[in-house]
Amino acid sequence: MKTVGVTKIKNIKNYFGEKIGIDIYYALSKFVYTLDEKETKLTDNDGNPTTHLKRIFDGTKGLLMNGIKPVYIFYEQSKVFSTCSAYNSQIISSVEINEIKRLLTYLGIPFVNSISECTILLKTKEIYGVATSEENQKSFGAKILLRDLPFQEKTKTLMTEVHFNEVSSFADKDQKIELKWRQPDEENLIKFLCNEKQFNEENLCKGIKKIKESLIKFRQTTLHQYFKKGKKQQMKK
DNA sequence: CCTCTGGCCTGAGACGTG
DNA sequence: ACACGTCC
DNA sequence: ACTTCAGGCCAGAG
């Protein structure tokens, strides 16, 4: 499919403190697909896959370390056109989805459970843009699609935005959803990932430490961020 | 002679270690 | 730099 | 809408 939107490439540094929505299937797509193809599948002791948990933990860590605040968008996979369909020939099971929600809760990362909530977040400028497939852009109500997200903690410096004029979803003006990014719940993370899912505790704690350091960085620059936002709003007028 | 852009094609993870 | 093994 | 995304390569334009 040909891109209808206008593409802009920006340095990741420009997104510091930015809140963005991420289609959960978009976040999972590549990683789950390629890893599950391999012989060395990642599983817990019962043989249940754990690739989805590793992806979301590592990916979220990477985003936070790059200064981006994610909110994950959950929805019925059949509700929209085949999101990332080539990768997602496999349907992510509801068990895995619920495990991811549990993980996000312990991580202190917000998520919403429907496309309409995503639309509200965009309408109220609670989030800047959404990472999803181009097919879903209109129904999500996203004028800005995000690409090349830094799910890894290193190497990436550039991120792509695709701007669109049209959306097909509209939210009620009065509705508002408040998002909160909390401190990770270390105890429950260890219980869940290490005791139940056989993650290496040392590695996990290192990861949690990096997430906490990122959150401190956010707090330190709150004032700067506030100023930046004000400036942006002025420019729009 | 360049630099840049766009179209076409292709392959598909992240990270640490040696 | 590159190739390879691990991650769970 | 109905096989995606992103990066590399190369031809053609400016």
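Source: prediction; values computed, not measured. Residue numbering restarts at 1 for every chain, and letters A, B, ... go by the order of the sequence lines.
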Do the ring centers of A:Phe140 and A:Tyr75 come within less than 6.0 Å of each other?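 Here the rings of A:Tyr75 and A:Phe140 have centres that are less than 6.0 Å from each other.
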For A:Leu28 and B:dA14, what is the distance between atoms CG and P respectively, to the nearest whole Å? 14 Å
Given atom NZ of A:Lys210 and atom P of B:dG16, what is their separation to the nearest angstrom?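 Whole-Å distance recorded here is 6 Å.
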Please pick, from B:dC15, D:dT4, C:dC7, the nucleotide with the shortest atom-to-atom distance to any side-chain atom of A:Glu135. D:dT4
Do A:Phe192 and A:Leu53 make a side-chain contact, defined as non-hydrogen atoms from C-beta onward lying under 4.5 Å apart?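 Answer yes - side chains close enough.
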Heavy atoms, side chains only, cut-off 4.5 Å: are A:Val71 and A:Ile20 in contact?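 The answer is no, as the side chains (C-beta and beyond) never meet within the 4.5 Å cut-off.
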Sequence-distant partners of A:Lys69, salt bridge (Lys or Arg N to Asp or Glu O under 4.0 Å), two or more places apart: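 Scan of A:Lys69 (salt bridge (Lys or Arg N to Asp or Glu O under 4.0 Å), adjacent residues dropped) gives none.
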For D:dA6, take OP1 and OP2 only and decide whether either is under 4.0 Å from a side-chain N or O of A:Tyr26. yes
By the 4.0 Å heavy-atom rule, please label A:Asp148 as base, sugar-phosphate, or nothing. sugar-phosphate
Salt bridge flag under 4.0 Å for residues A:Glu187 and A:Lys191: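 So A:Glu187 pairs with A:Lys191 through a salt bridge.
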Scan residues 46-70 of chain A against DNA chain C and write down, sorted by residue number, each residue with any heavy atom closer than 4.0 Å; if none is found, say none. A:Thr50, A:Lys54
Under 3.5 Å donor-acceptor pairs involving side-chain atoms of residues 142-151 of chain A, not counting sequence neighbours:
| unit_1 | atom_1 | unit_2 | atom_2 | d |
| --- | --- | --- | --- | --- |
| A:Arg147 | NE | A:Tyr26 | OH | 3.3 |
| A:Arg147 | NH2 | A:Thr132 | O | 2.0 |
| A:Asp148 | OD2 | A:Thr160 | OG1 | 2.5 |

